Amino acid sequence: MTSAAAPADAPRKAGRREWLGLAVLALPAMLIAMDMTVLYLAVPQLSADLAPDSSQLLWILDVYGFLVAGCLITMGTIGDRIGRRRLLLIGAAAFGAASMIAAWSDSAEMLIATRALLGVAGATLMPSTLALIRSMFPDPAQRTAAIAVWMTSFTLGMTLGPLVGGAVLERWWWGAVFLLAVPPMVLLLAVGPALLPEHRDPAPGRLDLVSAALSIVATISFVYGVKEIAKDGAGAVPFVALILGVALGVVFARRQRRLTDPMLDLKLFSDRAFSASLGTLTLTLFAMSGVFFFLSQYMQMVLGLTPFQAGLWTLPQAGAMVVVAALTPTLVQRVRPAYVMAGGLVVGAVGFLLFLGLDGTDDLWLLVTGSVVLSVGVGPMTIMGVDMIVGAAPPERAGAASAISETNQEFGMAIGVAVLGSVGTAVYRGTLQDTLPAGVPAEAANAARDTLGGALETAAALPGAAGPQLLAAARQAFTQGLHVNTVIAAVLVLLAAGLVAGLLRQVTPRNAEEAENAGKTDAVGGDPADAPAEVAERAVAVETAAVEPARKTTPAETV
C-alpha cells in the first residue's frame, strides 16, 4: 500500500475554476493599491481645476486611506455574515460607481465625498478577496501559492500606480485616473458569480452595531492621529485623536469579551501561529514603511528624478517580489516556514544596510540594488505571515481574520512612517543646523530646517553661492537621516527574524504534513483507490454546507 494516497481527511485540492477565480480576485487587490498612489500625480491638475484650499487638498488625498483602514474589520465581519462573494460584488459595484462620480467631480467637497465612498467600498474588497482565497484553497500548499499571487498583484498595483497614472495624465484630464478602476470592476461583476463560490458563516449571530461603530471610530481616530503627527509633528488635535483611538479600541476589545456573538473573536490571538505572524508582520512593515517614506523623497528631491522616473526604477523591486512569490510556496514545501521567513528577514536586513552607502551623488544603482535585496528578503515573511494569519482562523471567521491582517498592516505602516519619519526628520534638522552655510538669512534657514522640500525652495531663491551650498548641505543632512532610519530598520527586521524563528519553529514543512496525514490514512487501513472519490464527496458536502444557508436565510435574518 503506497503512502502517496490522499488521506480521507485531507483538504480538497482546488481546480481550474478556483485558479481562474483567483485571477479575478487579484484585480481588486491591484486596484486598491493603485488607487492609493495614482492620485498624487494628479494633484497639480486637480488643484488648478477645483481650487481646493490646503485643508481640502489633504482630505482629498487622505480620506480614502482613513475610510479603508476604519471599515476593514466591520466589512470583514459583515462578509462572514452575508457571504464574502455577495459583499465583494456589492463593493465592486460601489467602487466602480464612485470612481465614475469622482472622475467628474466639479468641486472639492464633491471629490472628498466620493473619495470617502471609495474608501468604504475599498474596505469591502480587501477582506472579501482574502477570505474567499481561504475558502477556495483549503489545501495549505495551494493556499500559500494563491496568497503569493494575491500579494504580488498588490505589489504590482503599488508600482504601476505612478506609471499608469503618469501615462494617463499626459493625454487626458485628472479625472481619468479614477476611470482606470471601472473596466476591472465591470469584469469582476460579470464573471465573479460564475467563478467565485459563495461562503459565509452558517451561524453568524447578529451584528453588533455598537461594536461596528467603535471599531470604525477607533481605527480612523488612531490612523488620523498617527499620520498627522508624521506630517506636521505633535499637536493638540492629533494627540487627542490618538488617545481617543486607543481608548475606544480598549472599549471595543472589552465589549467583544462580553458578547455572545462577538464581532471580533479575541480567542484568535491565543493561537501562536496567528499572533506571532501578526506581530512579526507588523514589525516588518513598520521598518519598511519608515525607510521607504524617506527613499521616495530621496529619489525625487536628492537625486532629482520625476515621479514617473522614480516609478520606473521601482520596477526591478516589483520584479524581485514576483520571483519571490513564485519560489516561496516551493521553499516551504521542503523547509520549515519559520526558517524560510527568518532567513529572508536576515537578507532583508542586508538590503537595509546597503542603503548606508547612499551619499546623495550618482548612486541610483545602489538604491535599486538595496531595494531588490530587501524585496527578496521580506517577501517570504509577508506571504507566509498573511497565509498563517488567515489559515489559523476557522473558515467561518476567515473574513474577520483577513480584516485583522489588513488593519494591522495599516497600523504598522502608519506608525512606521510616523515614528521613523520623526526620527529621520530630527536627524535632518540637527545635522543641517550644524552644517548650515554662513550667510543664509534666519527666515530662510528656518524654512530649510523644516523639511527638505522647504530647503529646495529656499535654496532656489537665494542669490550667489549660498543657494547651491544650502542645497548640498540639506541633501547631505537628509541622507544622514535616511542612514539612521536604515540602521533602526535593520535591527527591527533582525529582531523579527529571531521572533519568527523561535515562535513558529513548530510549523512543519508542507510535504512533512502531507506525509504524516498519508501515514495516518495507511495506519487505519484506508484504500488509496477510494480516496479520490471520498475527497470529492466531502468537497461537495463542504461546498453545499457553505452555500445552502445563504439560500435558506431570509433577507431580514442577514441584518
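Predicted model, so just to flag it, every value in this text is computed and none were measured.
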Can a donor-acceptor pair be found, under 3.5 Å and without considering hydrogens, that links the side chain of [X] to the backbone of [Y]?
X: Ser128; Y: Leu125; result: no
X: Asp387; Y: Ile383; result: no
X: Gln480; Y: Thr431; result: no
X: Asn485; Y: Leu420; result: yes
X: Gln142; Y: Phe137; result: no
X: Ser153; Y: Trp150; result: yes
X: His483; Y: Leu353; result: no

I need the [X] [atom1] to [Y] [atom2] distance, nearest 0.5 Å.
X: Tyr298; Y: Thr479; atom1: OH; atom2: OG1; result: 4.5 Å
X: Trp19; Y: Leu195; atom1: CH2; atom2: CG; result: 14.5 Å
X: Ile147; Y: Thr152; atom1: CD1; atom2: OG1; result: 11.5 Å
X: Thr328; Y: Met381; atom1: OG1; atom2: CE; result: 11.5 Å
X: Ile220; Y: Cys71; atom1: CD1; atom2: SG; result: 5.5 Å
X: Met301; Y: Leu452; atom1: CE; atom2: CG; result: 4.5 Å

*asked:* Once side chain to side chain donor-acceptor pair (under 3.5 Å) is applied, do any residues pair with Ser215, and if so which ones, sequence neighbours excluded?
replied: Thr74
*What's the verdict on side chain to side chain contact (heavy atoms under 4.5 Å, CB included) for Thr382 and Met321, showing C-alpha distance, side-chain angles and the deciding distance?*
CA-CA 10 Å; Thr382 56; Met321 187 63 189; 3.6 Å; yes
*Mind checking whether Tyr64 and Phe95 have parallel, tilted or perpendicular rings, split at 30° and 60°?*
perpendicular
Closest contact, heavy atoms only, [X] versus [Y]:
X: Gly357; Y: Asp363; result: O-OD2, 4.5 Å
X: Ala145; Y: Pro329; result: CA-CG, 3.6 Å
X: Leu196; Y: Leu88; result: CD1-CD2, 3.7 Å
X: Ala496; Y: Thr284; result: CB-OG1, 4.0 Å
X: Leu132; Y: Pro197; result: CD2-O, 3.4 Å
X: Ser375; Y: Val324; result: O-CG2, 4.1 Å

*Could you walk me through whether Met299 and Leu367 pass the side chain to side chain contact (heavy atoms under 4.5 Å, CB included) check?*
CA-CA 9 Å; Met299 295 177 74; Leu367 188 151; 3.8 Å; yes
_side chain to side chain contact (heavy atoms under 4.5 Å, CB included), that's the test. Do Leu482 and Thr486 meet it? Break it down for me._
CA-CA 6 Å; Leu482 173 60; Thr486 58; 4.1 Å; yes
What I'd like to find out is whether the side chain of [X] reaches to under 4.5 Å of the side chain of [Y], using heavy atoms alone.
X: Leu494; Y: Leu345; answer: no
X: Ser371; Y: Phe355; answer: yes
X: Leu242; Y: Ser221; answer: no
X: Leu358; Y: Leu295; answer: yes

*Start with the C-alpha gap between Phe274 and Met388, add the side-chain angles, then the distance that decides, and say whether side chain to side chain contact (heavy atoms under 4.5 Å, CB included) holds.*
CA-CA 6 Å; Phe274 181 91; Met388 289 188 179; over 6 Å; no
